Number of protein chains: 2
Amino acid sequence: MSTHAAARVAAPTRREQILKEAARLFAERGFHGVGVDEIGAAVGISGPGLYRHFPGKDAMLAELLVGISERLLAGGQLRVSEDASGDRSPEALLDALIEGHIDFALDDRPLITLHDRELDRLRDTDRKRVRRLQREYVEVWVAVVRDLYPALPEHEARATVHAVFGLLNSTPHLGRPGALPGRTDTAALLHRLARGAFGAAGEPKAV
Amino acid sequence: MSTHAAARVAAPTRREQILKEAARLFAERGFHGVGVDEIGAAVGISGPGLYRHFPGKDAMLAELLVGISERLLAGGQLRVSEDASGDRSPEALLDALIEGHIDFALDDRPLITLHDRELDRLRDTDRKRVRRLQREYVEVWVAVVRDLYPALPEHEARATVHAVFGLLNSTPHLGRPGALPGRTDTAALLHRLARGAFGAAGEPKAV
DNA sequence: AGAGGTTGTTAGTGAGCGTTAACGTATCCC
DNA sequence: GGGATACGTTAACGCTCACTAACAACCTCT
């Protein structure tokens, strides 16, 4: 709307630059471990200039966490709704969810880190909102998993989903940014691992 | 040694009380989010009284993280060395590692949280030491996994181990302390999931 | 040209917090 | 009894850091 910039690659606005750098710094040193001066320096302005774009440091974290949660949920819901006609197999649906989550975990590693690390630094209202979005996202997965493995009790399905999130979100521990042996291979490996875990949950005897 | 106390249940010394409460508080609100006054209050003394037991706040975190890493590594090495005669199957050995890690993840949830969350707050020397211990622990697992699945390339084995750690360490997300549907069942489920993931890593075609 | 909005700047303020100082008290040992 | 030691206390210091105030440069529109 307000930006009549070239429709090309959508030049990153100042706000977006700030959010991106803040995410990186928060992930590296923690919310309390990063000063506003550092965030400003990372985008070329210094210190209190940030307050032209955000009402405070908390607001940056809040916008980051709410944004992540909303995008994750929206992505999951989109993939499920694409299957509204029910023509896809439950396996394919679960694969789609896994693939989407892996894309996210590989492309936005700082955000993944923040997502379960700095949630407690939010104001009550924001924290509740993020938790709600997270819960809804989990429920999307649980529904698909239980569709695929009807014999799996609900609480086990939920615990399994949380555990698989832990597995997929391990990407920040896999070495520094470029150390991965190829994004495609890593994604494929994580996918296999996740499917293996779900399979073990749903078909215990196969172990 | 210095404590000639009753051999009974080993009455917790002040230092141990402090470490336990500090671990809980650090896990709940982050290292920088907790003040020394709070830690003191949690053990019945207030504020600077802590400095009779620790040279500083950093030292508490360092002792916690080094302690965790050492216990994890020692536990893993012990389980492997028990098999020095080689009479146990690789499967049983991997199961023993998984079981030990699960016990740890279920019994010391705050420490698990700290373990990968507050590492960067340590002084260089302590951080390097913890990283070294963590790396050695990973290598113990990698050796066992590659023994079980010789066809698995080393970097994939290592990534898989990290991912399974993420899976097992998801216990803090499984609801508040008492909400687990029975410790035994949770442990069994996590064990199945981990074995499923390893199996998928080692036998890709089975998927 | 000049008013107004946007986006910076630097200097300062006030609160929080880790740490130290100075001081009390109980216990142990001779 | 009387030091030494262990373990607390409260008061204060000093630094960091989020945030505000006051001011300046540029862009746009009439």
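Remember, it's a predicted structure, so these values are computed and weren't measured experimentally. To find a chain, count down the sequence lines: A is the first, B the second, and so on, and within it residues start at 1.
In A:R129, the CZ atom is not crowded: 12 or fewer heavy atoms of neighbouring residues, nucleotides or ligands sit closer than 6.0 Å.
Put simply, the side chain of B:D116 does not reach to within 4.5 Å of the side chain of B:Q134, judged on heavy atoms. Side-chain contact between A:F54 and A:L19 is present, with at least one heavy-atom pair separated by less than 4.5 Å. Counting heavy atoms from C-beta on, the side chains of B:H53 and B:M60 never come closer than 4.5 Å.
Protein atom CZ of B:R15 is 13 Å distant from nucleotide atom P of D:dG8, rounded to whole Å.
For the residue pair A:H115 / A:N169, no side-chain donor-acceptor distance below 3.5 Å is found, with atom types taken as modelled.
Annotation: ring-ring contact (aromatic ring centres under 6.0 Å, His included) contacts involving residues 15-38 of chain B, sequence neighbours excluded, comprise B:F26-B:F31.
On the nucleic acid side, DNA chain C has its first and last nucleotide under 4.0 Å of a heavy atom of chain B at C:dG18 to C:dC23, going 5' to 3'.
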Residues B:R158, B:E139; criterion salt bridge (charged side-chain N to carboxylate O under 4.0 Å, His left out); working and verdict
CA-CA 8 Å; B:R158 189 168 293 113; B:E139 292 313 313; 3.0 Å; yes
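Residues A:H101 and A:F165 bring their aromatic ring centres within 6.0 Å.
Between B:H53 and D:dA6, a side-chain N or O to OP1/OP2 separation shorter than 4.0 Å is absent. OP1 or OP2 of D:dA6 has not a single side-chain nitrogen or oxygen of B:R14 nearer than 4.0 Å.
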Using atom names, set out every protein N or O paired with an N or O of nucleotides 17-24 of chain D below 3.5 Å, distance rounded to 0.1 Å.
from: D:dA18; atom 1: OP1; to: A:V34; atom 2: O; distance (Å): 3.2
from: D:dA18; atom 1: OP1; to: A:K57; atom 2: NZ; distance (Å): 2.8
from: D:dA18; atom 1: OP2; to: A:V36; atom 2: N; distance (Å): 2.8
from: D:dC19; atom 1: OP2; to: A:Y51; atom 2: OH; distance (Å): 2.6
from: D:dC19; atom 1: OP2; to: A:K57; atom 2: N; distance (Å): 2.9
from: D:dC19; atom 1: O5'; to: A:Y51; atom 2: OH; distance (Å): 3.3

